[in-house]
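Below is one structure; the comments refer to it alone.
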Amino acid sequence: MLSSPSLSWQKLHDVYYSIRTCYDPLNWPIENLHANYRVAVSTHTTLIALAARSAQYPNVIDVYSLSGNKIWSVIFNSTPQEHIIDFAFRDEDLVVVLSSGKYRLYTDFEGTFNEYSYTDNLTKLNNQHDQKGQKYVITNLENNETEEIFDALEAQVWGQLLVLRHRNRIIFSELTTFQNYDLLLDHMDLAEVNGITFLSTKDSKTDFLLSYAKTIYTVKLDFLASTSEFIDQKLTDGPFTKVSASPSGSLISIFNEKSSKIYVVRKLFDKVLLEFDTSNESSAPFMIEWAGNDAIILSLRDEIKLIGPNQISISFFYDIVDQEEFDLNRLPKETPDSNISFTIPIIKTEPDGLRIITSKKVEFLSRVPQSSINIHSVGSSHPSLILLDCVSKLRDHSSKADTNISFLKSENTLREAMSGCLDAVLHEFDVQWQKAILKAVSFGKIYDNDYYNADEYLKVVNIVKVLNQLRYPEFGLFLTHRVVEHIGWETVIKMLLRRQAHFLALKVISLLRLSDLTDLVYSHWCCCKIKKERSMSDYELFRIIAKKLISYEKQKPGNTKRNHISVLEISNVAYQEGRLDLCKLLITLEPTMLAKLKEYLMIEEIELALVKTFQAGDLDLCRLLLLHFQDSLPKLQLFKLLNQNEQSGLLRDTSARQLLNDEDIKIILQDNLFIGGDLIGNFWVQNMAKHNASMLDSYYKHESKSLERSIAKVKKFLTQEKDVENINYEEVYQVHKQKLHTLLSHQKYSTIVQKELGVLELKKKLSEMYQTSFFGEKSLTDVLVKLIKMHQIKIANKVIKEHKVPQEKLWYLVLELYCRMNEFERLHKFITGSNSGSKLKSPIGMAVIAETCITYGAPKAYVSVYINAITDAPYGKIVELYLQIGEFSEAAEVAFNNKDSASLQAILKRARGLDNSTIDEIKSYISRL
């Protein structure tokens with residue numbers, strides 16, 4: 001029979017607290033943890049960093065998991081000139097501060113780090129004090145001048161801030177932007193600064209407490225405004241050597257070592273809530289932390305003391321091996337040979353409790369949740385306990401179990417009992433108790449006539465499985481459910497990836513249905529593969545990575561052979577590792593063209609960037625890229641780029657071309673569209689250069705294109721005519737005609753001149769017909785645009801037939817112009833009037849019409865008709881178009897007709913908040929499939 005957890009509970013006022021073991025024993029050979037080591041604990045107490053106290057300047061920092069498994073070591077050859085000052089954690093990133101004015105930020109367990117300066121580009125946080133005190137300066141022996149030096153005394157990490165306390169200043173370094181801020185303390189007597197403590201942060205503002213002399217200052221910083229404010233709380237009972245804020249920041253504990261008294265005050269320091277005398281304790285407090293927001297914890301000799309309101313306290317003791325006199329001041333000087341054997345626990349506040357670390361074990365002190373009290377407390381009559389009791393009575397006293405169930409059903413508390421058990425099991429550490437509680441819920445489900453939500457039960461079971469797996473000593477991630485809720489599952493997955501537990505990460509994602517995080521795992525695995533396989537060729541590595549990403553995509557509906565995971569991080573790792581060919585190959589896997597383009601430009605592969613952009617067929621992006629090159633490149637380099645013929649292809653040598661033997665990779669790498677210099681150059685001429693006559697002339701001259709150069713000059717000459725009201729169209733026509741006839745004698749111009757004469761005749765005819773000049777229109781397309789704007793569609797139709805213009809061009813022009821002009825009724829008449837049959841058709845397809853109308857906000861009634869007439873797009877596209885205009889019933893009908901249950905589920909999810917009839921209709925479709 002399992003012993004009740006309540007036997008180890010202790011009551012403080014009206015609250016139960018318990019200490020539960022996380023790991024015992026630990027897998028490290030550490031003795032006298034506090035006495036012999038400098039210790040830093042990661043943000044969520046998953047890592048412990050240790051450096052020997054015996055060395056004046058640490059050379060080695062060992063990083064352990066919470067279970068005591070050594071993960072990696074930082075080795076730094078410390079010297080008096082450059083040495084390690086301190087170290088701390090930002091989440092699981094280790095920050096090592098050096099005396100040279102720099103710090104290293106380690107971002108994995110492989111020793112990868114970036115080095116930053118905390119003294120460069122300091123932004124002054126101006127304060128309100130004009131008084132100048134002592135400065136910390138030395139004499140530079142090289143130039144015999146005095147200069148101010150930076151000598152960090154300690155390092156802390158507050159969220160994303162690295163905080164370095166110096167003799168005469170505090171430096172804040174932002175660990176994401178790496179901006180440095182300098183807060184001078186020149187107005188203070190530096191010998192009386194006792195320490196700093198984080199209080200709160202919001203946006204760009206941070207508040208902290210500065211213990212100084214006999215008082216405490218609340219310091220308010222605004223990094224955006226580069227200002228600081230010191231608020232003297234005007235205390236007189238200092239100095240206070242230990243200051244600690246509750247997790248909410250509403251209460252402050254302060255300790256005066258001389259008087260041995262601890263005070264708990266409100267944030268505004270306007271009222272003392274508690275005064276506690278520690279002179280009678282086994283030792284002076286080594287650490288003071290908070291357990292929640294209503295109790296403080298003291299770390300004493302062989303003891304943890306928890307102090308609550310009204311000076312009520314409870315103690316949790318450790319075994320005392322040696323009763324030698326305790327002297328806290330001697331501890332840093334003790335050596336491993338010392339016979340001192342008492343325990344000084346290292347404590348760390350967490351969102352739902354307190355972690356206690358000693359040389360032998362790790363424990364967790366927390367307030368007992370109400371759901372656990374309900375099922376474990378002696379004398380409890382809560383429904384959860386009655387349901388749990390059913391399981392224990394089921395084998396030997398089945399009648400009593402039946403009586404309990406009948407009672408819960410008669411009181412309508414069976415559902416409450418199961419919910420209470422599910423909440424309690426999330427806070428339970430003991431596996432046997434977890435099984436017993438879950439068995440009780442499973443038993444209760446049988447008797448629930450209202451069909452208890454099995455998904456909720458399964459979700460809790462899977463969460464418990466995952467938490468237990470994470471807590472294995474192999475991983476050392478002893479996280480509570482409340483902490484996981486606080487930090488999010490994505491952070492947990494990233495912790496597993498740091499430990500290269502990719503399979504477990506995928507298993508967790510599968511169990512908890514966190515499919516959005518799968519890409520993260522695959523991306524990290526690929527990065528690790530690149531870093532590890534140093535002897536493997538770029539092409540073989542690419543083949544492995546591409547196959548891995550494609551295999552993941554094949555698991556998705558549709559069995560696609562294209563990659564949809566962003567490879568930016570992977571390609572950046574390849575670039576950093578000096579694998580340029582691999583980097584270029586990986587960029588081809590990037591699903592987003594804009595991101596792909598940025599990567600090519602980052603590695604300065606401008607020719608490849610241009611070719612791939614044209615192959616993607618994104619004309620706007622092509623224009624943007626060419627404009628960028630036109631502005632940034634010298635003319636000769638630009639013209640050479642415009643005339644390229646894929647000289648920078650990816651598959652240059654034999655090894656690379658062998659990749660095409662794999663059909664999956666061949667689909668990715670082999671582009672059917674050949675992009676040559678003629679295409680790129682002509683595109684540039686038609687879209688950009690035509691607006692810059694001198695640039696265009698230089699290009700034709702560089703390319704020895706004399707004919708094109710002459711034609712360009714003719715076109716420029718012809719388009720100089722301005723539109724003028726009340727002009728004589730016959731006279732204008734004759735002037736233009738005369739200019740063209742002067743070129744007819746040149747045989748090489750005859751074709752283009754004849755064409756221009758035909759357009760000129762048309763301009764004359766239209767100008768006279770409508771009494772408005774068409775001579776200012778530069779091309780036949782411009783003439784068509786003007787006719788459409790004048791709503792002369794029949795004349796436009798006649799023009800395209802006479803001048804052999806494809807009908808598709810007119811449809812595209814009408815569609816775009818009428819949509820821009822909000823002439824949706826005219827557009828509808830144009831589309832329906834062009835169709836003799838019952839089914840609408842168009843030479844450009846109905847899908848593009850529907851999409852364009854949606855973009856410009858056409859009436860739903862018109863758009864619905866266009867969507868219904870689509871025959872040139874897959875049904876999934878039709879479903880999405882219906883959803884875009886809010887036609888959920890029609891979308892569901894299309895999905896049902898195509899037997900696509902996944903699409904129906906997605907439609908139902910998006911239909912939340914609509915009327916019940918629509919939702920019922922969608923559910924009916926789902927049930928019928």
Side-chain angles (χ1 to χ4, degrees), residues 592-594 613 616-624 627 683 686-688 691 777-797 799-800 805-835 837-895 903 906-907 910-911 913-914 918:
T592 308
M593 186 58 221
L594 184 58
T613 305
D618 189 333
L619 300 185
D620 289 335
L621 203 56
C622 292
R623 292 188 187 96
L624 182 64
L627 283 172
F683 184 87
Q686 295 300 321
N687 288 271
M688 276 76 70
H691 304 297
E777 309 307 322
K778 297 180 180 180
S779 65
L780 185 59
T781 300
D782 293 334
V783 171
L784 290 172
V785 168
K786 187 163 185 173
L787 286 171
I788 295 168
K789 287 181 178 180
M790 296 168 63
H791 309 306
Q792 301 300 314
I793 304 298
K794 288 184 178 179
I795 300 300
N797 251 317
V799 168
I800 66 170
V805 177
Q807 192 181 27
E808 289 87 345
K809 184 165 187 174
L810 177 63
W811 275 73
Y812 276 118
L813 289 172
V814 172
L815 174 63
E816 184 69 21
L817 289 170
Y818 275 175
C819 281
R820 286 185 181 178
M821 298 162 64
N822 290 328
E823 294 281 1
F824 299 112
E825 186 175 350
R826 288 183 184 274
L827 176 63
H828 189 66
K829 289 180 180 178
F830 171 75
I831 296 171
T832 54
S834 302
N835 286 270
S838 58
K839 188 74 173 178
L840 294 182
K841 296 180 181 178
S842 85
I844 61 174
M846 296 306 298
V848 69
I849 294 176
E851 286 180 318
T852 306
C853 288
I854 291 173
T855 301
Y856 286 96
K860 185 189 296 186
Y862 292 154
V863 179
S864 183
V865 172
Y866 305 150
I867 298 174
N868 187 49
I870 293 176
T871 59
D872 58 333
Y875 76 88
K877 182 71 173 179
I878 299 174
V879 169
E880 182 58 32
L881 289 173
Y882 272 129
L883 291 177
Q884 288 182 26
I885 64 172
E887 295 286 359
F888 287 86
S889 297
E890 287 76 1
E893 183 179 358
V894 173
S903 290
I907 295 169
R910 292 172 64 172
L914 298 180
T918 302

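None of the values given here were measured: they were computed from a predicted structure. Quick note: numbers below take in every heavy atom, side chains included, and nothing from hydrogens, waters or symmetry partners.
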Below 4.5 Å, heavy atoms only, C-beta onward: do M593 and T613 meet side chain to side chain?
yes
Can you tell me how far the CD1 atom of I844 sits from the OG1 atom of T852, to the nearest 0.5 Å?
7.0 Å
Short side-chain donor-acceptor distance under 3.5 Å, T781 and K809:
yes
Report yes if the side chains of L817 and V785 come closer than 4.5 Å at any heavy-atom pair, otherwise no.
yes
Nearest 0.5 Å please: distance from the CG atom of L827 over to the CG atom of N822.
11.0 Å
Verify, without hydrogens or angle tests, whether T832 (side chain) and H828 (backbone) share a donor-acceptor contact under 3.5 angstrom.
yes
Can you find a pair of side-chain heavy atoms, one from C819 and one from T855, that are under 4.5 Å apart?
no
Nearest non-hydrogen partners of A850 and Y866, listed with the distance:
CB-CB, 4.2 Å
Quick one: does E851's side chain get under 4.5 Å of K877's, heavy atoms only?
yes
As a quick check of understanding, evaluate side-chain contact (heavy atoms from CB on, under 4.5 Å) for L784 and V799, giving each step before the final call.
CA-CA 8 Å; L784 290 172; V799 168; 3.9 Å; yes
Partner of Y818 under side chain to side chain donor-acceptor pair (under 3.5 Å), picked from K829, H791, R826, is H791
OG/S864 to CD/E887 distance, rounded to the nearest 0.5 angstrom?
4.5 Å
Straight-line distance of L787 CG to D782 CG, nearest 0.5 Å:
11.0 Å
For A895 and I907, which heavy atoms make the closest approach, and how far apart are they?
CB-CD1, 4.2 Å
Using a 4.5 Å cut-off on heavy atoms from C-beta on, say whether the side chain of I867 contacts that of I885.
yes
Locate the shortest heavy-atom distance separating C853 from V863; write the atom from each residue and the value.
CB-CG2, 3.9 Å
Taking side chain as C-beta onward, heavy atoms only, is I870 less than 4.5 Å from L881?
yes
Identify the two heavy atoms, one from W811 and one from S842, that lie closest to each other, and give their separation to 0.1 Å.
CZ3-CB, 3.3 Å
Minimal non-hydrogen separation, P843 against Q807, with atom names:
CG-OE1, 4.2 Å
Side chains of I788 and L810, heavy atoms from C-beta outward: is any pair under 4.5 Å?
yes
Around E825, counting heavy atoms of other residues, nucleotides and ligands shown, do more than 12 lie under 6.0 Å from its CD?
no
With distance as the sole criterion, is a donor-acceptor pair present between the side chains of Y856 and E816 under 3.5 Å?
yes
Would you say V848 and D872 make side-chain contact, with heavy atoms under 4.5 Å?
no
The single option from E823, R820, M821 passing side chain to side chain contact (heavy atoms under 4.5 Å, CB included) against K789:
M821
Nearest heavy-atom approach of V894 to Y882 is CG2-CE1, 3.9 Å
Roughly how far apart are I831 CD1 and L815 CG, rounded to 0.5 Å?
6.5 Å
